[in-house]
2 protein chains.
Amino acid sequence: MKFNFDNERPIYIQLVEQLRIGILTSEFGIGEKIPSVRDLAMLAKVNPNTMQKALAELEEEKLIYTERTNGKFVTKDVKLINNIRDNLAKEKAYEFFSNMKKIGMDENKTIDYLRELIK
Amino acid sequence: MKFNFDNERPIYIQLVEQLRIGILTSEFGIGEKIPSVRDLAMLAKVNPNTMQKALAELEEEKLIYTERTNGKFVTKDVKLINNIRDNLAKEKAYEFFSNMKKIGMDENKTIDYLRELIK
DNA sequence: TTCATTGTATTACTTGCATAATACAATAAT
DNA sequence: ATTATTGTATTATGCAAGTAATACAATGAA
């Protein structure tokens with residue numbers, strides 16, 4: 001796992017995003033144990049408290065669960081993972097459409113624009 | 001001009017974005033005088049300083065210019081406006097592709113996905 | 001000349017974030 | 001039993017960003 005941060009937004013938010021992606025892309029496999037809070041903190045070069053805060057959010061959305069004194073694990077709920085991935089995709093897509101609409105492109109124009117862009 | 005804010009990001013940043021859109025979509029016409037700092041602040045229900053900060057950013061990117069003691073005006077540089085609109089579109093598009101790539105969709109899959117989404 | 005309106009500058013307050021330093025609790029491993 | 005490792009909680013501190021309150025400066029209008 002490789003972490004990268006910008007200075008625009010809180011570190012812990014970016015940690016949540018990147019860890020979430022790690023799960024959605026199976027970098028952290030289903031049901032697998034993830035590294036300890038302290039280890040992840042070292043890896044990301046952040047304070048353990050900051051990492052803890054990020055992991056708490058992921059736990060709230062059920063992507064990970066805790067076995068006290070044993071560690072944290074990726075959920076075994078494949079459906080949940082797929083749902084979250086799908087929702088994320090939809091959210092990004094609608095957000096993108098909305099952005100483009102604001103500068104005068106409707107959905108079809110936007111799609112045409114993308115086609116052209118990758119040529 | 002109608003302003004809307006979320007609690008995620010600084011107000012002044014959102015002001016910049018929304019004012020910029022207002023110019024790109026000709027809600028504020030080319031060369032036109034825009035309302036005074038205080039009036040805009042009242043309109044958006046923010047502190048004049050917050051509005052001032054937003055306007056300063058727009059001035060830095062040359063979308064507006066100031067006639068001291070007279071007011072602020074939208075640039076008369078049509079090319080600049082078009083450039084900024086084009087860059088904004090490109091930026092949003094690449095950002096979107098990047099987001100989708102992270103969850104496993106390449107450019108072509110992404111475009112197919114959008115086609116399906118608007119059906 | 002006086003006043004109202006414009007943009008601008010200064011200063012201060014508040015809050016959120018990140019970090020730090022510890023401490024506690026539970027349990028698996030030795 | 002002891003130790004090491006796990007997650008969790010608490011408290012404090014520093015810092016930067018955002019916002020607010022106020023005052024200043026310039027100029028056109030009355």
Side-chain angles (χ1 to χ4, degrees), chain A residues 1-20 22-23 28-76, chain B residues 1 3-20 22-23 28-29 31-76:
Chain A
M1 187 86 200
K2 182 76 173 61
F3 292 98
N4 281 298
F5 308 111
D6 59 58
N7 294 328
E8 310 298 314
R9 295 161 311 134
I11 304 275
Y12 83 95
I13 296 282
Q14 300 183 58
L15 286 171
V16 170
E17 290 172 353
Q18 292 176 40
L19 289 164
R20 185 190 294 120
I23 294 172
F28 296 118
I30 294 192
E32 263 183 23
K33 186 176 194 298
I34 66 178
S36 75
V37 177
R38 289 169 178 80
D39 284 356
L40 279 175
M42 283 219 308
L43 200 68
K45 293 175 184 150
V46 301
N47 188 279
N49 272 329
T50 307
M51 182 58 73
Q52 163 64 19
K53 187 166 183 178
L55 294 170
E57 300 234 342
L58 287 175
E59 184 146 17
E60 198 161 349
E61 65 180 284
K62 312 262 192 230
L63 273 180
I64 63 178
Y65 66 94
T66 298
E67 287 183 11
R68 200 147 178 355
T69 78
N70 192 14
K72 289 169 179 289
F73 300 80
V74 175
T75 181
K76 290 164 185 152
Chain B
M1 189 84 200
F3 292 97
N4 282 297
F5 308 112
D6 59 58
N7 294 328
E8 308 300 313
R9 296 161 311 134
I11 302 279
Y12 85 95
I13 297 281
Q14 300 183 58
L15 285 171
V16 170
E17 290 173 352
Q18 293 176 37
L19 289 165
R20 186 191 292 119
I23 294 172
F28 294 119
E32 263 182 25
K33 185 176 194 297
I34 65 178
S36 75
V37 177
R38 289 170 178 79
D39 284 356
L40 279 175
M42 282 218 310
L43 200 67
K45 293 175 183 150
V46 300
N47 188 279
N49 269 328
T50 307
M51 182 58 71
Q52 163 64 18
K53 188 165 182 179
L55 294 170
E57 298 234 342
L58 287 175
E59 183 146 17
E60 198 160 352
E61 66 181 282
K62 311 265 191 227
L63 272 180
I64 63 179
Y65 66 94
T66 299
E67 289 183 10
R68 197 144 178 358
T69 77
N70 192 14
K72 289 169 179 289
F73 300 80
V74 175
T75 180
K76 290 165 187 152

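Labels below follow one simple rule: chain letters A, B, ... track the order of the sequence lines, proteins then strands, and each chain is numbered from 1.
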For atom CD of B/E67 and atom P of D/dG28, their distance in whole Å: 10 Å
Contact under 4.0 Å: B/T50 side-chain N or O vs D/dG18 OP1/OP2: no
Mark yes or no for whether B/E59, through its side chain, and B/T66, through its backbone, hold a donor-acceptor pair below 3.5 Å. yes
Contact class for B/L55 (heavy atom, under 4.0 Å): base, sugar-phosphate, or nothing? nothing
To the nearest angstrom, the CG-C1' distance between B/N70 and D/dA29 comes to 12 Å
Presence of A/K72 side-chain N/O under 4.0 Å of D/dT8 phosphate oxygens OP1/OP2: yes
When the distance from CD of A/Q52 to C1' of D/dT5 is rounded to whole Å, what number comes out? 15 Å
Proximal nucleotide (of C/dG7, C/dC17, D/dA26) relative to the B/T69 side chain: D/dA26
Please give, in whole Å, the distance from D/dG18 P to A/N7 CG? 12 Å
Close side-chain approach of B/F5 to B/V46, heavy-atom, < 4.5 Å: yes
Minimum-distance nucleotide (side-chain atoms of B/R68 versus C/dT19, D/dT8, C/dT8): C/dT8
Rounded to whole Å, the NZ-P distance (B/K33 to D/dG28) equals 13 Å
Sub-3.5 Å donor-acceptor pair from the side chain of B/Q14 to the main-chain atoms of B/D6, do we have one? yes
Does B/L19 reach the side chain of B/I34, with side-chain heavy atoms less than 4.5 Å apart? no
Within this structure, what is the CZ-to-P distance between A/F73 and D/dT5, rounded to whole angstrom? 16 Å
So if I apply the side chain to side chain contact (heavy atoms under 4.5 Å, CB included) rule between B/L15 and each of B/Q52, B/E57, B/R20, B/M51, which one comes out positive? B/M51
Starting at atom CE of B/M51, determine the distance to atom P of C/dT5, rounded to an integer number of angstrom. 19 Å
Hey, are the side chains of A/M1 and A/Q18 touching, using non-hydrogen atoms and a 4.5 Å cut-off? yes
Return no unless some side-chain N or O of B/S36 is found under 4.0 Å from OP1 or OP2 of C/dT6. yes
Can you check the A/I34 CD1 to D/dT5 P distance for me, whole Å? 18 Å
Going by number, which of residues 37-47 of chain B have a non-hydrogen atom under 4.0 Å from DNA chain C? B/V37, B/R38
Judged by each residue's nearest nucleotide on DNA chain D, which is more toward the 5′ side, A/E59 or B/P10? A/E59
Considering all heavy atoms of both residues, which atom of A/A41 and which atom of A/P48 are nearest to each other, and what is their separation? CB-CA, 3.6 Å
